[in-house]
Amino acid sequence: MERIDELDKKILQIIMRNARIPSKDVALQCGVSRAAVHQRIQRMIDTKVIMGSGYNVNPKALGYTTCTYIGIKLERGSMYRTVVPELEKIEEVVECHFTTGPYTMLIKLYARDNQHLMELLNDKIQHIAGVTATETLISLEKSIGREIPVHFKKDSKA
């Protein structure tokens with residue numbers, strides 16, 4: 001991964017707070033040209049410093065009131081590669097992680113309600129070949145949701 005400099009960090013701090021901010025406003029805050037900001041952002045996209053863009057949609061506004069984390073145990077850890085494509089078919093699954101600890105995998109999903117969650121578990125997830133056990137944790141409230149902070153060198157004034 002390419003190293004990012006202090007200007008890149010300043011740009012990241014600004015666009016992480018508001019991804020829709022015009023490049024001219026970022027340029028003004030950074031004291032550089034709009035073209036420089038555009039080139040820097042494009043380079044950070046190309047080098048995967050910036051991954052994805054878009055809008056964050058409130059799942060509750062779409063009728064998904066239950067946020068759930070599910071620990072999944074597999075027969076063998078190597079089955080992860082075959083289980084992930086099956087989980088991708090379940091549109092309510094929004095994250096999947098291959099983990100250490102008591103679970104082979106940890107997924108995050110949204111369900112309309114507890115009945116819908118039970119259907120997802122009993123009729124879909126637990127029917128995937130290799131899944132031997134699941135443990136469900138329902139999120140009662142999201143208290144923190146943020147990106148990793150961007151830090152500057154201690155001698156930087158930014």
Heavy atoms only: give me the nearest [X]-[Y] pair and the separation to one decimal.
{"X": "Ile21", "Y": "Ile14", "value": "CD1-CG2, 3.8 Å"}
{"X": "Met79", "Y": "Leu74", "value": "C-CD1, 4.0 Å"}
{"X": "Met105", "Y": "Thr99", "value": "N-OG1, 3.8 Å"}
{"X": "Lys60", "Y": "Asn58", "value": "N-OD1, 3.0 Å"}
{"X": "Leu87", "Y": "Ile125", "value": "CD2-CG1, 4.3 Å"}
{"X": "Arg34", "Y": "Ser23", "value": "CG-CB, 3.6 Å"}

Given the rule that I, L, V, M, F, W and Y join up when any side-chain heavy atoms are under 4.5 Å apart, are [X] and [Y] in one cluster?
{"X": "Val49", "Y": "Ile148", "result": "no"}
{"X": "Tyr103", "Y": "Leu121", "result": "no"}
{"X": "Val150", "Y": "Ile45", "result": "yes"}
{"X": "Val37", "Y": "Met44", "result": "yes"}
{"X": "Ile41", "Y": "Val32", "result": "yes"}

So how far is it from [X] [atom1] to [Y] [atom2], rounded to the nearest 0.5 Å?
{"X": "Cys30", "Y": "Gln13", "atom1": "SG", "atom2": "CD", "result": "9.5 Å"}
{"X": "Arg112", "Y": "Leu117", "atom1": "CZ", "atom2": "CG", "result": "11.0 Å"}
{"X": "Thr65", "Y": "Tyr110", "atom1": "OG1", "atom2": "OH", "result": "11.5 Å"}
{"X": "Thr132", "Y": "Gln126", "atom1": "OG1", "atom2": "CD", "result": "10.5 Å"}
{"X": "Thr66", "Y": "Leu109", "atom1": "OG1", "atom2": "CG", "result": "9.5 Å"}
{"X": "Ile107", "Y": "Thr68", "atom1": "CD1", "atom2": "OG1", "result": "9.0 Å"}

Q) Quick check: does any side chain N or O of Lys9 sit under 3.5 Å from a backbone N or O of His151, one acting as donor and the other as acceptor? A)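 Yes.
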Q. Got a sec, which residues hit side-chain contact (heavy atoms from CB on, under 4.5 Å) with Ser139, two or more places apart in sequence or on another chain?
A.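 Testing Ser139 for side-chain contact (heavy atoms from CB on, under 4.5 Å), a comparison that skips the adjacent residues, returns Cys67, Tyr69.
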Is any side-chain heavy atom of [Y] closer than 4.5 Å to one of [X]?
{"X": "Val131", "Y": "Glu75", "result": "no"}
{"X": "Leu12", "Y": "Ile50", "result": "yes"}
{"X": "Val26", "Y": "Ile15", "result": "yes"}
{"X": "Glu135", "Y": "Ile72", "result": "no"}
{"X": "Arg40", "Y": "Leu7", "result": "yes"}
{"X": "Ile70", "Y": "Leu137", "result": "no"}

Quick check: are there more than 12 heavy atoms from other residues, nucleotides or ligands sitting under 6.0 Å from [atom1] of [X]?
{"X": "Asn56", "atom1": "CG", "answer": "no"}
{"X": "Glu147", "atom1": "CD", "answer": "no"}
{"X": "Lys73", "atom1": "NZ", "answer": "no"}

Q. Under 30°, 30 to 60°, or over 60°: which ring-plane class applies to Tyr64 and His116, parallel, tilted or perpendicular?
A.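 The arrangement is tilted - the two ring planes meet at 30° to 60°.
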Q) Hey, is Arg43 close enough to Asp8 for a salt bridge, meaning N to O under 4.0 Å? A)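 Looking at Arg43 and Asp8, the cut-off is met.
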Q.
When you compare the side chains of Gln29 and Asp25, does any donor N or O come within less than 3.5 Å of an acceptor on the partner?
A.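 The criterion, which ignores hydrogens and geometry beyond distance, is not satisfied for Asp25 and Gln29.
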Q. Where do Asp5 and Lys10 land on the salt bridge (Lys or Arg N to Asp or Glu O under 4.0 Å) test, with the steps shown first?
A. CA-CA 9 Å; Asp5 64 17; Lys10 176 88 173 166; over 6 Å; no
